[in-house]
There are 2 protein chains.
Amino acid sequence: MRLELSVDRSSPVPLYFQLSQQLEAAIEHGTLTPGSLLGNEIELAARLGLSRPTVRQAIQSLVDKGLLVRRRGVGTQVVHSQVKRPLELSSLFDDLEAAGQRPATRVLVNAVVPATAEVAAALAVPEGSEVHRVERLRLAHGEPMAYLCNHLPPGLLDLDTAQLEATGLYRMMRSAGLTLHSARQSIGARAATAAEAERLTEPEGAPLLTMRRTTFDDTGRAVEFGDHIYRPSRYAFEFQLLVRP
Amino acid sequence: MRLELSVDRSSPVPLYFQLSQQLEAAIEHGTLTPGSLLGNEIELAARLGLSRPTVRQAIQSLVDKGLLVRRRGVGTQVVHSQVKRPLELSSLFDDLEAAGQRPATRVLVNAVVPATAEVAAALAVPEGSEVHRVERLRLAHGEPMAYLCNHLPPGLLDLDTAQLEATGLYRMMRSAGLTLHSARQSIGARAATAAEAERLTEPEGAPLLTMRRTTFDDTGRAVEFGDHIYRPSRYAFEFQLLVRP
DNA sequence: AAGTGGTCTAGACCACTGT
DNA sequence: CAGTGGTCTAGACCACTTT
C-alpha cells in the first residue's frame, strides 16, 4: 500500500512538521497499521523532494511521541499498541471538558492574603508577603468532584471571579501570556477531614485523592502552587509514560 | 566566566552527547548558573571545532530535558528553577533504594494461572490462557509499604522467587533483554478492604493509594500488568512534568 | 553483501528579538 | 540594525542488522 504524502513549500508551516502531521494522521487513521515499516528515510526524502535531515526531523518527532520505533539495520515501524496522549500539563477543567462532562466551578474564596511558610517556599516569595488565594469547588453534572486551593504570586494575573467560574486557571494563565514550562507534582491519598467531607458531600474519614503541584514558567519562575483534593469515586489520574532512551 | 568544554574525537561516544553531558554537568554543578546565557550556537561550534547542527543536537537534548530554554533573537538560557528528573518508568524497588530505604520484598504468590477477563484485556491474550501471577508485599524498615499484584504473559521471563525478593520486576525484565518503551498508568484512591488492611497493617476502611499500570515494550507488546496499592502515609507519587511545546 | 538508521559537515536563508 | 535561533540542503562515513 502506498501512503499519500505531500508537502506545500509555499506554506509557512515547516516542512518537517507538515510531514510529521501527515504521518501522525495516517497512524491515527489506521492507514499506517501497527508494525508496518515506514520505508527508508532516503527513499522517503526523494519521494517528497526533501532532504534526509528534514525527513529525519519529522520522524524523530513521532519517535519522541512514542508513535514510531526506529531500529538500525531494520527500519522505522509503527508501534503496535494503542498509544494515547502522554501526560500533559492540563487542568482539571480541560480534562473534564474533553470528557464531555460540562464542568462547573464555584469560587469559594478569591482574595489577597499573606503567604504562609509553605506557600512562600513553593512560590519563592518572602513569608508574609501578599499572594493571591483562590479556593474553588469543581462540579460535574452538579456533583462536587474536587476542591481546589491555589496560590499565585502577585501581579501575574487578573483573577476575575467570573472568569474563574467560566474557564480554568491554566487557560487564564496562558491567555495572559504566560508560557507554562514544567510542574512538580505529588499525588497521594488521605482521609477526609470533617470540613472537606462536607464540601465534597462525602462521609468524614472517606478516602480522598490529593495532588500538590507547583508550576513554573519558561524562565523558571513559580507561577502557581496548588493543593487539590479529589473524590476518588469521581476522578483518577490517567496518563501515558514514555521511557527516555 | 569561560566554560571549559572539549570533545574527544577518538571516543566512540557521539560528539553531541559528549557536549550535552558536559553542559548538563556544568548546570548540575552550578558552573552554569540559572538564567545565564549559553553563547550563540555558531560561536560555540567554532570554539569546539564542531558543526552547528551537532551543537544544536546537544542543546536540543537538554531543552527536551527541561534544563535549557531557547528564545529566538535572545539566546539559550539555563532554566531558573530547581529542575529535577522527570517522571521515569521506574519501579518502586528502585525508588526506595534510591531513597536509601533498603527495600525488602516478600513474595506471597508466584504461579501460573488462567487470565481473568481484565488481565486478558490488559495483556492482549485470550481469556483463560495461562499467565504468570505474582503477588508481593514490599517493606521498608520492616514496615509494609505496598502490596503489588502483577500479571505477565507467558514465556517472557523466568520468574524466580528468590530473584523477585532480591531485586525489582523491572530490573529483571530489562536484564532479560526486554526494552521497556511506554506504560499506561492510572492513579486513584479507595478504602482498604479487610484483607488489604490486614496485609498492610492498616485499619479496615483506611485510605489507600492505588496504581494500575500496563507496560509495553518497544514493539508495542504488553509485557506487564500491575495492580498496586500503597499506604499513603508511607508513599506518594512525585514527579516532574514538562510541557510539550 | 546490502540495506538500514546514527552521526556529522559546511554551508544557506528566514523569522524573530532587541537596540 | 545586528544578532539570535529555526529551518533546510546535499552530501559523507560509520555501526548495526539481516540475508
Side-chain angles (χ1 to χ4, degrees), chain A residues 5-23 35-64 66-79 177 179 181 218-219 244-245, chain B residues 5-23 35-64 66-79 177 179 181 218-219 244-245:
Chain A
L5 295 170
S6 62
V7 291
D8 173 10
R9 299 197 85 101
S10 68
S11 160
V13 177
L15 300 176
Y16 79 89
F17 194 75
Q18 293 184 36
L19 176 53
S20 72
Q21 279 190 316
Q22 288 178 47
L23 291 173
S36 61
L37 281 165
L38 209 59
N40 76 59
E41 298 172 348
I42 302 189
E43 185 260 350
L44 202 54
R47 216 165 94 201
L48 288 160
L50 297 173
S51 70
R52 185 182 165 205
T54 301
V55 170
R56 272 185 72 78
Q57 193 175 1
I59 292 176
Q60 188 57 48
S61 72
L62 297 182
V63 171
D64 291 341
L67 296 172
L68 297 177
V69 184
R70 290 209 262 216
R71 269 183 251 259
R72 228 194 272 227
V74 179
T76 304
Q77 288 178 300
V78 180
V79 157
T179 310
H181 177 264
D218 58 359
T219 71
R244 359 192 97 250
Chain B
L5 295 171
S6 63
V7 292
D8 173 9
R9 300 198 85 101
S10 69
S11 160
V13 177
L15 300 176
Y16 79 90
F17 194 74
Q18 292 184 35
L19 177 53
S20 72
Q21 277 190 318
Q22 289 179 45
L23 291 173
S36 61
L37 281 164
L38 209 59
N40 75 59
E41 298 171 348
I42 302 190
E43 185 260 351
L44 203 54
R47 216 165 94 203
L48 288 160
L50 297 173
S51 70
R52 186 182 165 205
T54 302
V55 171
R56 273 184 71 80
Q57 193 176 358
I59 292 176
Q60 187 58 47
S61 71
L62 297 182
V63 170
D64 290 342
L67 296 173
L68 297 177
V69 184
R70 287 210 266 216
R71 268 182 252 261
R72 227 192 270 223
V74 178
T76 305
Q77 287 179 301
V78 180
V79 157
T179 310
H181 177 263
D218 58 358
T219 70
R244 359 191 100 249

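Values below: all heavy atoms of this structure, side chains included; hydrogens, waters and symmetry mates excluded. Naming: A, B, ... by sequence-line order, numbering from 1 per chain.
Atom CG in A:Leu15 sits about 12 Å away from atom C1' in C:dC14, given to the nearest Å. Atoms CD (B:Glu43) and P (D:dT4) sit 9 Å apart, rounded to a whole Å. The separation between A:Leu37 atom CG and D:dT18 atom C1' is 12 Å, rounded to whole Å. Atoms CD (A:Gln77) and P (D:dT17) sit 14 Å apart, rounded to a whole Å. Separating the CG atom of B:Leu68 from the C1' atom of D:dT4 is a distance of 15 Å, rounded to the nearest angstrom. Atom CD of B:Gln60 and atom P of D:dT4 are 18 Å apart (whole Å). One interatomic measurement links the two molecules: CG of B:Asp64 to P of D:dG6, which rounds to 12 Å at whole-angstrom precision. If you take CZ of A:Arg9 and C1' of D:dT7, they are 11 Å apart, rounded to a whole angstrom.
Distances from the side chain of B:Leu50 to the nucleotides D:dT9, D:dT7, C:dT9 place C:dT9 closest.
Residues B:Leu15 and B:Leu48 have side chains not in contact (no heavy-atom distance under 4.5 Å, counting atoms from C-beta outward). Contact check for A:Leu67 versus A:Val79: no side-chain heavy atoms found under the 4.5 Å cut-off. Residues B:Leu19 and B:Ile59 fail the side-chain proximity criterion, which asks for heavy atoms closer than 4.5 Å. Side chains of B:Leu37 and B:Thr76 form no contact here, defined as non-hydrogen atoms less than 4.5 Å apart. Residues B:Arg70 and B:Glu41 are in side-chain contact: their nearest non-hydrogen atoms beyond the backbone lie under 4.5 Å apart. Proximity of A:Leu68 to A:Val78: side-chain heavy atoms (C-beta onward) are separated by under 4.5 Å at one or more points.
Among the atoms of the strands shown, base atoms are found under 4.0 Å from some heavy atom of B:Pro53.
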What nitrogen or oxygen pairs link the protein and nucleotides 1-5 of chain C at under 3.5 Å?
residue : atom : partner : partner atom : Å
C:dT4   : OP1  : A:Asn40 : ND2          : 2.9
C:dT4   : OP2  : A:Asn40 : ND2          : 2.9
C:dT4   : O2   : A:Gly73 : N            : 3.2
C:dG5   : OP1  : A:Thr76 : OG1          : 3.2
C:dG5   : OP2  : A:Glu41 : N            : 3.1

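Considering only side-chain N and O atoms, B:Tyr16 lies under 4.0 angstrom from the phosphate OP1 or OP2 of C:dT7. The phosphate of D:dT7 has neither OP1 nor OP2 within less than 4.0 Å of any side-chain N or O from A:Thr54.
For the pair B:Ser61 and B:Ala58, the tightest heavy-atom approach, listed with the atom from each and the gap, is OG-O, 2.7 Å.
Within the structure, side chain to side chain donor-acceptor pair (under 3.5 Å) pairs that include any residue of residues 8-17 of chain B comprise B:Asp8-B:Ser10 (at least two apart or interchain).
Residue B:Gln21 holds its CD atom at 10.5 Å from CG of B:Leu23, rounded to the nearest 0.5 Å.
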Fill in the blank from the handout: Here DNA chain D, pairs taken as Watson-Crick or G-U under 3.5 Å and shown with ( ), [ ] when crossing and | when to another strand, reads .|||||||||||||||||.
